[in-house]
Amino acid sequence: MKTTKFIILTILTFFILSCNTLESDKQKLSQLNNYYQKALNDWNVPGMAVGIIKNGQLIFAKGYGTKDVNEDEKIDTKTNFAIASNTKAFTAAAIMILQEEGKLDLDDKVQKYLPWFELYDPYVSKEMTIRDLLCHRSGLATFSGDLIWMASDHSQQEIVRRARFLKPKYGFREAYGYSNIMYTTAGLIIEKVSKMSWDEFMQSHFFAPLGMERTITSITDLDKMGNYTQPHLQKNGEIIKVPYMNWDNVKPMGGIISNIEDVSKWVRLQLNEGILGTDTIFSKKSQDEMFSQHIARSVNQRSKDTWPSIHFKGYGLGWGMFDYKGRKIIMHTGGYEGTITATVLVPEENLGLIFLTNKITSLYSPLMYKTLDVFFNEQEKDWSGILLKEQKKSRERENKTLIQPDTTKTIIPLALTNYSGNYKADVYGGLTVSIEDNQLYLSFDHTKILHSRLSHLNGNIFEIEFPEAPSLPKGMVEFYTNKKGKVQNLLIEIINPDFDFTELDFIKQN
């Protein structure tokens with residue numbers, strides 16, 4: 001009798017605690033919902049979608065705002081966004097599956113599968129492993145070489161081949177340098193070993209088993225799938241819609257296009273340590289490898305001042321990581337032309353967060369910290385307000401550092417015919433400078449959207465602005481002459497966080 005009463009009491013206690021937990025979660029989600037809506041308006045973002053996964057369930061999923069700043073069509077939980085570099089976790093997981101199948105090893109040399117692979121140094125070329133590719137310790141600077149692939153007609157293999165001309169910033173395995181090209185290389189290895197395309201591998205091993213029915217790997221499938229957002233950015237104080245950029249030549253580093261409902265299934269797989277029902281997609285051992293730090297990242301003074309509970313930052317295999325309020329956070333962001341997204345995992349809390357936004361801002365960051373504070377029952381801060389003020393100050397500093405040519409002395413330029421001709425940079429390929437309507441015109445041979453009239457500033461310096469690449473600000477082109485006064489090369493300088501034009505030294509060919 002006493003045993004029966006104890007069992008009943010235990011069941012009632014569990015039921016009451018469960019009800020209290022559900023009510024607590026409802027209050028948290030209601031609070032966050034209001035916060036998300038206000039933050040969206042404050043950051044002047046047309047639309048976004050948010051998903052929260054807790055204890056294996058998608059407990060919150062909602063679309064906010066509109067797909068297009070010029071239209072009223074609302075975003076929902078099935079609306080597709082380019083998740084960009086969140087793709088890297090899929091590519092890393094594919095490598096781990098192939099390792100479990102005995103088809104490769106993380107510490108295999110890249111040249112074992114791609115004998116032609118070559119970087120800046122023979123030793124590095126020979127010793128580079130698959131693990132090195134996946135954790136960004138090649139020695140290259142962050143985003144080095146991205147102009148090779150950005151909207152270009154270079155094939156995936158050609159992009160990787162041209163990486164041999166890139167100059168290192170660090171010693172091999174010495175420091176973290178985020179490399180999209182190294183993940184593109186990993187994609188080639190997946191294809192070589194699996195005997196299927198990267199797209200086919202993603203579909204057969206992840207999308208189909210998980211039921212990610214609306215997830216695609218190319219913008220060429222957008223219209224067929226329907227219900228997708230438009231990318232946006234802010235230009236001269238106005239929100240403008242920008243066209244989708246084709247990333248088919250670098251899919252393994254950022255090609256996936258998906259939505260809250262589908263990505264939530266991927267997040268649940270991660271939080272369940274690779275287990276899907278009765279099937280194992282990848283093992284816990286593999287996930288531990290992906291979630292372990294392989295290269296350290298510095299915690300700068302800004303992070304120390306703003307988030308004093310962050311003590312370390314690092315990168316594993318396809319995932320970044322740091323600590324916050326005593327928990328290890330596993331996350332990745334994705335930056336696409338006009339779209340920023342983030343995936344966040346807190347394994348010890350069985351918590352996952354997804355933020356998809358359709359404008360270039362860091363809105364995901366305050367939303368992430370606010371949500372973590374709420375679920376950790378920590379003292380909350382208005383992260384949206386704090387980081388928005390910080391962003392405005394940062395923009396003011398950037399405006400003060402825009403490139404300004406020396407105009408203290410007026411220098412007469414050469415005749416236009418001296419500048420015109422074909423130029424070549426080993427890293428990228430060709431560039432053409434022509435004369436149209438008595439004005440210089442520059443165009444990249446392999447990237448159709450990179451073309452611009454050159455407006456004279458002073459001497460051999462001209463202003464450049466790419467009308468079909470609105471995310472890039474104005475910059476300068478400087479032509480350099482030899483001792484005989486003939487133009488021998490040109491350099492482009494455009495201050496932006498993503499593409500380093502100074503890597504490309506264009507030598508005049510004729």
Nearest-0.5 Å distance, [atom1] of residue [X] to [atom2] of residue [Y]:
X	Y	atom1	atom2	value
L353	L372	CG	CG	5.5 Å
S258	N86	OG	CG	10.0 Å
Y36	I52	OH	CD1	3.5 Å
I330	F291	CD1	CZ	5.5 Å

For [Y], does its backbone N or O pair with a side-chain atom of [X] as donor and acceptor, under 3.5 Å?
X	Y	value
H232	V69	yes
H446	D153	no
Q37	Y64	no
Q111	F117	yes
E100	S283	yes
D107	D105	no
Q156	T184	yes
Y183	L134	yes
D132	T129	yes
N180	M253	no

State, to 0.1 Å, how close [X] and [Y] come at their nearest heavy-atom pair, and which atoms those are.
X	Y	answer
N358	Q230	CB-O, 3.4 Å
D68	K241	OD2-NZ, 2.9 Å
S452	F466	CB-CD2, 3.9 Å
T357	T341	N-CG2, 4.2 Å
A49	D76	CB-O, 4.4 Å

Testing F444, Y423, F501, F499 for ring-ring contact (aromatic ring centres under 6.0 Å, His included) with Y428, which one passes? F444
Which residue in the set [options] passes side-chain contact (heavy atoms from CB on, under 4.5 Å) when paired with [X]?
X	options	answer
I190	L98, I130, L104	L98
N350	N55, N272, I53	N55
S264	I59, L269, T77, L58	L58
L233	I240, I239, T361	I240

Please report the C-alpha distance between D500 and S144 in whole Å, then the side-chain angles of each, then the deciding distance to 0.1 Å, and finally whether the side-chain hydrogen bond (donor to acceptor under 3.5 Å, both in side chains) criterion is met. CA-CA 7 Å; D500 182 7; S144 181; over 6 Å; no
Check this for me, if you would: do R162 and E158 make a salt bridge, where the nitrogen-to-carboxylate-oxygen distance has to be below 4.0 angstrom? yes
State plainly whether the residues R173 and E127 are in salt-bridge range, i.e. N to O under 4.0 Å. no
Can you check side-chain contact (heavy atoms from CB on, under 4.5 Å) on I340 and F355, steps first, answer last? CA-CA 8 Å; I340 302 290; F355 301 102; over 6 Å; no
Crowded around [X] [atom1]? As in, over 12 foreign heavy atoms under 6.0 Å?
X	atom1	answer
D72	CG	no
K54	NZ	yes
K424	NZ	no
E73	CD	no
E213	CD	no
K235	NZ	yes

Verdict with supporting geometry, T79 and N259, side-chain hydrogen bond (donor to acceptor under 3.5 Å, both in side chains): CA-CA 6 Å; T79 301; N259 56 82; over 6 Å; no
In terms of ring plane angle, is the pair Y176 and Y315 parallel, tilted or perpendicular, where the classes change at 30° and 60°? tilted
Verify the ring-centre separation between F206 and W266: is it less than 6.0 angstrom? yes
Aromatic ring centroids of W247 and Y336 under 6.0 Å? yes
K251 vs T87 side-chain heavy atoms within contact, under 4.5 Å: no
Output, in order, the C-alpha distance, side-chain angles, deciding distance and verdict of side-chain contact (heavy atoms from CB on, under 4.5 Å) for L431 and L490. CA-CA 10 Å; L431 174 152; L490 70 83; 4.0 Å; yes
